[in-house]
Amino acid sequence: MPEEIDDGALRAVLDWLDGGAPPERAVLRAAVKESLTAVATAAPGRSVEVRVPPLGAVQCVAGPRHGRGNPPNVVETDPRTWLSLVTGRLTWEQALQSGTLHASGSRSSEIACLLPLS
């Protein structure tokens with residue numbers, strides 16, 4: 001289970017997304033893991049893998065289960081882009097156009113419907 005992020009840590013992450021100093025690594029990791037868990041909870045399943053290296057990854061979205069090798073439906077981005085998406089500071093389309101978000105497979109765009117997290 002991810003570490004819980006408190007109000008001060010949340011403020012540090014939001015300040016960073018708005019151009020401030022980067023938060024401590026543990027705070028950043030907790031924010032990424034909590035948001036990935038929220039996405040997996042909102043869309044349980046194993047047909048899409050969401051990766052935010054090096055801090056976390058989850059499988060979500062109902063449908064065919066992925067077994068071995070590289071999954072057919074993958075969403076991958078960096079921590080700053082991911083947290084910008086989940087907080088509504090960046091749209092899915094903006095992240096795709098900028099090249100900071102990579103989404104492959106026919107089901108990967110289903111993650112866009114879950115963002116931003118409320």
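To the nearest 0.5 Å, atoms CZ (R29) and CD (E34) are separated by 12.0 Å. Rounding to the nearest 0.5 Å places CD of E76 at 12.0 Å from OG1 of T100. I111 contributes atom CD1, which lies 12.5 Å from atom OG1 of T77 (distance to the nearest 0.5 angstrom). Rounding to the nearest 0.5 Å places CD of E93 at 11.5 Å from OG of S98.
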Before you tell me yes or no, could you show the steps for C60 and V50 under side chain to side chain contact (heavy atoms under 4.5 Å, CB included), namely the whole-Å CA-CA distance, both residues' side-chain angles and the distance that decides it to 0.1 Å?
CA-CA 8 Å; C60 53; V50 181; 3.9 Å; yes

List the steps, then state whether side chain to side chain contact (heavy atoms under 4.5 Å, CB included) holds for V13 with V27.
CA-CA 8 Å; V13 169; V27 168; 3.7 Å; yes

Side chain to side chain contact (heavy atoms under 4.5 Å, CB included) evaluation trace for S35 with L117:
CA-CA 8 Å; S35 58; L117 294 175; 3.9 Å; yes

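Side-chain contact check for T91 and Q94: at least one donor-acceptor pair (N or O, by modelled atom type) lies under 3.5 Å.
For the residue pair L90 and L85, the shortest heavy atom distance occurs at O-CD2, 3.5 Å. Here the shortest heavy-atom pairing between R80 and G19 reads NH2-N, 4.0 Å. Here the closest non-hydrogen pair linking T41 and P44 is O-CD, 3.5 Å. Considering all non-hydrogen atoms of both residues, R107 and G63 come closest at NH1-CA, 3.7 Å. Of all non-hydrogen atoms in S108 and G105, the two that sit nearest each other are OG-O, 3.0 Å. Nearest heavy atom pair, residue L36 against residue V52, reads CD2-CG2, 4.1 Å.
The hydrophobic cluster containing V32 does not contain V74, counting ILVMFWY residues as joined when their side-chain heavy atoms lie under 4.5 angstrom apart, directly or transitively.
The shortest side-chain heavy-atom distance between V75 and W92 falls under the 4.5 Å cut-off. A heavy-atom distance below 4.5 Å is found between the side chains of L14 and L10. The shortest side-chain heavy-atom distance between W82 and L55 does not fall under the 4.5 Å cut-off. Two residues are said to be in side-chain contact when any heavy atoms from C-beta on lie closer than 4.5 Å; L28 and P22 fail this criterion. Two residues are said to be in side-chain contact when any heavy atoms from C-beta on lie closer than 4.5 Å; D18 and R89 meet this criterion.
T81 places no side-chain N or O within 3.5 Å of a backbone atom of L101 that could act as its donor or acceptor partner. N73 contributes a side-chain N or O that, together with a main-chain N or O of S106, makes up a donor-acceptor pair within less than 3.5 Å.
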